[in-house]
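What follows is one structure encoded as structure tokens, with my remarks underneath.
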Amino acid sequence: MKTEKQKMLDGASYLANDKELVAERLRAKKLLHRLNVIEYIANGNARAIIRELMPNANRKMYIEPPFHCDYGYNIHSGENIYFNVNCVVLDTMKVTIGDNVFFGPGVHLYTATHPLDPIERRTVERSKPVTIGNDCWIGGNTVICPGVTIGNGVTIGAGSVVTKDIPDNVLAVGNPARAIREL
């Protein structure tokens with residue numbers, strides 16, 4: 001029988017209030033409090049907190065606090081990643097970030113989603129992965145929705161809501177975001 005955590009990671013319906021998941025979110029919140037409140041400056045202590053919070057992310061990641069995530073361990077990244085202030089990663093499932101990816105302030109990445117049926121939504125959640133290719137710039141206050149893949153060399157304009165996959169080497173803007181020209 002699968003645990004609720006395994007169901008979450010598999011994209012199946014799961015109970016978010018499961019004891020194991022609640023404990024793991026609490027652990028992440030404590031680390032985020034240390035990062036966002038106690039350290040608040042990128043120093044050796046902050047880097048150690050980020051490594052503990054996100055063991056699957058490359059060490060060459062810079063986060064400008066405050067930063068928020070659900071678990072941290074579902075964030076996988078390449079080298080040279082930059083998160084500006086107020087970024088949120090709801091990482092109930094794998095978030096893959098390539099090399100040389102820069103996030104403007106207030107960018108939100110969502111893997112968590114909920115059933116459309118209101119009765120079912122009372123008890124369970126679901127997850128879909130998010131993937132961002134290499135050499136991308138994600139403009140400030142962009143929202144990337146569950147299940148989206150963004151190709152390599154993409155720029156997403158500020159304030160966009162990305163609801164569908166974006167191909168390589170384009171500028172995409174709007175709500176919903178769409179490619180408006182090749183780069």
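This one's a predicted model, so the numbers in the text were calculated from it and none came from an experiment. Residue numbers start at 1 and run along the sequence shown.
- Criterion: ILVMFWY side-chain heavy atoms under 4.5 Å apart, direct or through other members. Under it, F103 and V148 are part of a common hydrophobic cluster.
- Geometric assessment of K5 against the ring of Y73 yields a positive cation-pi assignment under the 6.0 Å and 45° thresholds.
- Pairs engaging residues 14-42 under the ring-ring contact (aromatic ring centres under 6.0 Å, His included) rule: none recorded [sequence neighbours left out].
- Clustering ILVMFWY residues whenever any of their side-chain heavy atoms sit less than 4.5 angstrom apart, transitively, puts V95 in the very cluster that holds I81.
- In this pair, F102 and W137 present their aromatic rings tilted. The plane angle is within the 30 to 60° band.
- One finds the CG atom of L109 at 8.0 Å from the CD1 atom of I75 (value rounded to the nearest 0.5 Å).
- Side-chain atoms of N100 and N80 include a donor-acceptor pair closer than 3.5 Å.
- Every ring pair (Phe, Tyr, Trp, His ring centres under 6.0 Å) that Y82 has, sequence neighbours left out, goes to Y62.
- In terms of modelled atom types and a separation under 3.5 Å, the side chain of T111 and the main chain of M93 share a donor-acceptor contact.
- Follow the hydrophobic side-chain contacts under 4.5 Å out from I150 and you never reach L90; the two are in separate clusters.
- Using modelled atom types, no side-chain atom of R126 and backbone atom of T113 make a donor-acceptor pair closer than 3.5 Å.
- Atom-to-atom distance recorded for H68:NE2 and L35:CG is 9.5 Å, nearest 0.5 angstrom.
- Contacts of E79 classified as side chain to side chain contact (heavy atoms under 4.5 Å, CB included), with partners at least two apart in sequence or in another chain: N58, K60, D99.
- Grouping Ile, Leu, Val, Met, Phe, Trp and Tyr by side-chain contacts under 4.5 Å, direct or through others, puts I180 with L171, V173, L183.
- Residues passing the side chain to side chain contact (heavy atoms under 4.5 Å, CB included) test with V124 are S13, L15, P115, E120, sequence neighbours excluded.
- Qualifying salt bridge (charged side-chain N to carboxylate O under 4.0 Å, His left out) partners for K7, counting only residues two or more places apart in sequence or in other chains: E4.
- Judged purely by distance below 3.5 Å, without hydrogens or angles, the side chains of T142 and S160 never pair a donor atom with an acceptor atom.
- Checking side-chain atoms of D10 against main-chain N and O of A12 turns up no donor-acceptor pair under 3.5 Å.
- To the nearest 0.5 Å, atoms CD1 (I138) and CZ (F83) are separated by 10.0 Å.
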